[in-house]
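Worksheet: one structure, shown below.
Quick caveat, the model's predicted, so the values are computed rather than measured.
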Amino acid sequence: MQKLLLTLLACLYGLQSAHAQCAPAIVNAQSAIEGCDLTPNNTQFWNENYWWDNDLLLHDLVEKGVELELILRDTCPDSIQVRCLLFLDLDGNGTQETVVDSDNFPGPNTVNFNNAFNPNYSGGTPRNFDERPVPGNQKYRFALQTSVAGDSSYFRLVWSPFNNPASIVSPELPYGQHKIRWEVTYGGGQLLIHEKSFQVKDCKNPTVVCLNGLSVNIMPTQLITLWATDFLQYMEDNATPAGQLQIGIRKAGTGTGFPVNNNGIPETSVTFSCNELGEQFVEVWSQDAAGNADFCQTYVLVQDNLNNCSPGPIFPIVCSATACGEVPDEIIYNFDFPPTPFLPPFSVFDLGDGNGCSGFDPNLPIPQDINITISPTKDDNQLEGVSTFDMVILQNHIDGIDLLDNPYQWIAADANKDNVLDTLDILECKKLILGIYWELPNNTSWRFVDKSYVFPSPDPLSAPIPESIVVNSSNPPSTPLEFIAVKICDLTCGNLVGFYEQTPDNQHLIGDAQPNPTQNGAVIPLQLITQDQVVLDLLDVSGRLLFHQEINLPQGPAALEIPASTISQAGVYVWRVRAGETVKTGKIVAE
């Protein structure tokens, strides 16, 4: 009996060893699946109203043919069974919501959208992917092609027409993060599994073609600004529509990669001066939605045929900006000339450029040693930048709760231009907000102050405000003249400018909530040394989170707003701001 038992155990052990020794082996599991697309989009696939690419803003998903293959070496006498599961992210949200199952392939021209979380991947919404103008039985369907060569078995996921299964192509899969799963059953139930995630993406740089050079003349400002589109013949891409391609430009040899400014915004213009006369080379760039970029190089011949760079009486450059550095558009610069033996007094004007500057040349012989009066004006968009929050700031000043400490705020607050800050100014601004006024009856929308002017203290309005600058034609300034632009009734910028003038050392600056106490929200100023993520939290005194905001801000000044709706109840609140590694906390009182 003992001998018989040993014999049975030996047989059983031998059978198990045989199965273990002849288990199928994966020869090619596609350690790298090529999903890098260099081909034009085929509009005959994945083009239906229910498909949507949120990056390209198209109902036509861009696709690429992908080889999906498994090779097994199998010396076992037992048969094997192979199942292929293709997990697809067809809505671009990062989740593979759709599965193609080789054990239950969908019909021709069909995927069962959003079936990934159903039992056995059943159900889903049938959606089409093949829009070729062919009969229904010639539409592609998913299929599993198998073949054997020696001891190796080949399994390939393909597309094939329903009426001609032998005609196969690689499946055209849309851009996205997908996954292939192979399940091999052998030896009476043993399972071998291999999974591989892969990405189908756009890898082709856009095509950008330049015009063969331009010829321009320096402007009277002794500058000339040219735009990327001035040099562009055409640009196109395999996936991104032409209207969504970004364009940029830089002077050749001054940088690498797609040209952007410090805020990540494409640089779309270049400016040449009198020091850059002659042939100047530029790079014109194009970048697609996937970040692929390329450029062409061309040149511009910068000339001075009008002698704007020649020595002689030089008209000064005049610029205006707010105390926060913002540039109002459409500033009118007035130039008043005194009488001369040859001309009566006269005035001319110039519309400032996009940088808030005027380099006006009157195109007249400018007499030597005359005084020219320059004054900017702007009187439109009366309500721009004005809100009830500005009225709260002014009321707090009048009540002595939080005095204005910046002279430009005083000018902005003096709505009726009587050089006194009182409730009459609040009333004037409120009439603008309520639409009773289209414009202030006793003031302009903007006032402009000589930046070099030193205001009297403690009342900046106690002396006349210089709203013009006089220059002598024989002794023009060597640097641009500068005005501070003040928007009447807009106190917010002036309220923070004192903080913005601080210079961070090696970390971000975070100011205090203003105004405090408040009846209508507050603002917290920032100075960021680099682009960074900023988080604002508002809590009640028990520690309950009332408001949370996360935002990426560029380098430079910024302001975070605590909405009035979050502190509608009177009491004490706690605010906390994190800018990168810099954290500041404070309290604010709501009245």
Side-chain angles (χ1 to χ4, degrees), residues 34-43 53-58 60-64 92 174-176 199-219 221-304 327 353-355 530-531 552 554-556:
E34 180 57 51
C36 208
D37 185 25
L38 301 174
T39 61
N41 178 33
N42 189 335
T43 58
D53 187 317
N54 202 44
D55 293 326
L56 301 178
L57 306 179
L58 295 174
D60 177 15
L61 305 183
V62 187
E63 67 291 304
K64 179 192 182 299
Y175 288 178
Q199 185 178 14
V200 180
K201 61 181 181 179
D202 180 15
C203 297
K204 182 182 180 300
N205 294 336
T207 298
V208 53
V209 178
C210 289
L211 295 171
N212 191 27
L214 298 175
S215 178
V216 296
N217 270 298
I218 285 284
M219 301 295 288
T221 59
Q222 299 188 335
L223 301 171
I224 182 69
T225 297
L226 299 171
W227 301 87
T229 50
D230 295 335
F231 297 91
L232 181 67
Q233 183 169 339
Y234 71 90
M235 58 183 179
E236 62 184 13
D237 187 61
N238 64 317
T240 303
Q244 296 181 37
L245 291 172
Q246 289 187 310
I247 187 171
I249 190 172
R250 70 158 59 92
K251 297 177 182 179
T254 60
T256 58
F258 186 79
V260 296
N261 62 20
N262 292 334
N263 296 325
I265 306 300
E267 294 281 10
T268 56
S269 67
V270 288
T271 299
F272 297 98
S273 67
C274 289
N275 297 325
E276 298 171 290
L277 298 180
E279 198 173 73
Q280 302 294 330
F281 286 87
V282 296
E283 299 169 359
V284 180
W285 285 77
S286 179
Q287 181 170 268
D288 65 19
N292 305 306
D294 207 347
F295 72 96
C296 57
Q297 182 169 290
T298 185
Y299 68 91
V300 56
L301 181 61
V302 182
Q303 303 176 91
D304 183 28
V327 177
D353 60 20
N355 297 316
T530 60
Q531 177 180 337
N552 283 308
Q555 176 187 12

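Using a 4.5 Å cut-off on side-chain heavy atoms (C-beta onward), Leu58 and Pro241 make contact. Two residues are said to be in side-chain contact when any heavy atoms from C-beta on lie closer than 4.5 Å; Trp227 and Ile249 fail this criterion. Looking at heavy atoms from C-beta onward, Leu232 lies out of side-chain contact with Tyr234 at the 4.5 angstrom threshold. By the 4.5 Å heavy-atom criterion applied to side chains, Asn292 and Pro206 are counted as neighbours. Gln297 has its side chain out of reach of Val282: every pair of non-hydrogen atoms, C-beta onward, lies at least 4.5 Å apart. Looking only at side-chain heavy atoms (C-beta outward), Phe272 and Leu277 stay at 4.5 Å or farther from each other. Pro266 is listed as a side-chain neighbour of Gln246, based on a closest heavy-atom distance under 4.5 Å. Residues Cys296 and Val208 form a side-chain contact, since some pair of their non-hydrogen atoms from C-beta on lies under 4.5 Å apart.
Annotation for Ala239 and Tyr175: closest pair CB-OH, 3.8 Å, computed over non-hydrogen atoms. When all heavy atoms are compared, the tightest approach of Leu61 to Glu63 is O-OE1, 2.9 Å. Minimum heavy-atom separation, Asn355 to Asp353: N-OD1, 2.9 Å. Summarising the geometry of Phe258 relative to Ser286, their closest heavy-atom pair is CE1-C, 4.1 Å, with the distance given to 0.1 Å. Scanning all heavy atoms of the two residues, the minimum distance from Trp285 to Phe295 falls at CZ2-CD2, 3.2 Å.
The closest donor-acceptor contact from the side chain of Asp202 to the backbone of Lys204 lies under 3.5 Å. Judged by distance alone, the side chain of Gln531 and the main-chain N or O of Asn552 form no donor-acceptor pair under 3.5 Å. Between the side chain of Thr240 and the backbone N or O of Ala289 there is at least one donor-acceptor pair closer than 3.5 Å. Between the side chain of Thr298 and the main chain of Leu211, a donor-acceptor pair closer than 3.5 Å is present. The backbone N or O of Cys36 lies less than 3.5 Å from a partner atom in the side chain of Glu34, making a donor-acceptor pair.
Taking CG from Leu245 and CE from Met235, the interatomic distance works out to 5.0 Å, rounded to the nearest 0.5 Å. In this structure, Thr268 OG1 and Ile265 CD1 are separated by 10.0 Å, a value rounded to the nearest 0.5 Å.
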Discussion item. Pair Ile247, Val284 - check side chain to side chain contact (heavy atoms under 4.5 Å, CB included), show working.
Written reply: CA-CA 7 Å; Ile247 187 171; Val284 180; 4.3 Å; yes
Worksheet entry | Residues Cys274, Ile218; criterion side chain to side chain contact (heavy atoms under 4.5 Å, CB included); working and verdict | CA-CA 7 Å; Cys274 289; Ile218 285 284; 4.1 Å; yes
Practice prompt. Could you give me the CA-CA distance, side-chain angles and deciding distance for Gln244 and Leu57, then say whether side chain to side chain contact (heavy atoms under 4.5 Å, CB included) is met?
Written response: CA-CA 9 Å; Gln244 296 181 37; Leu57 306 179; 3.9 Å; yes
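Annotation: salt bridge (charged side-chain N to carboxylate O under 4.0 Å, His left out) contacts involving residues 279-303, sequence neighbours excluded, comprise Arg250-Glu283.
For the 3.5 Å distance criterion, the side chains of Gln303 and Ser215 qualify, holding a donor opposite an acceptor.
For the salt bridge (charged side-chain N to carboxylate O under 4.0 Å, His left out) test, residues two or more places apart in sequence or in another chain that qualify with Glu276 are Lys251. Judged as a side chain to side chain donor-acceptor pair (under 3.5 Å), and not counting sequence neighbours, the contacts of Thr271 are Thr225.
Heavy-atom neighbours of Asn263 CG from other residues, nucleotides or ligands within 6.0 Å: above the threshold of 12.
Of the candidates Asp237, Asn238, Asp60, Asp60 is the only one forming a side-chain hydrogen bond (donor to acceptor under 3.5 Å, both in side chains) with Asn41.
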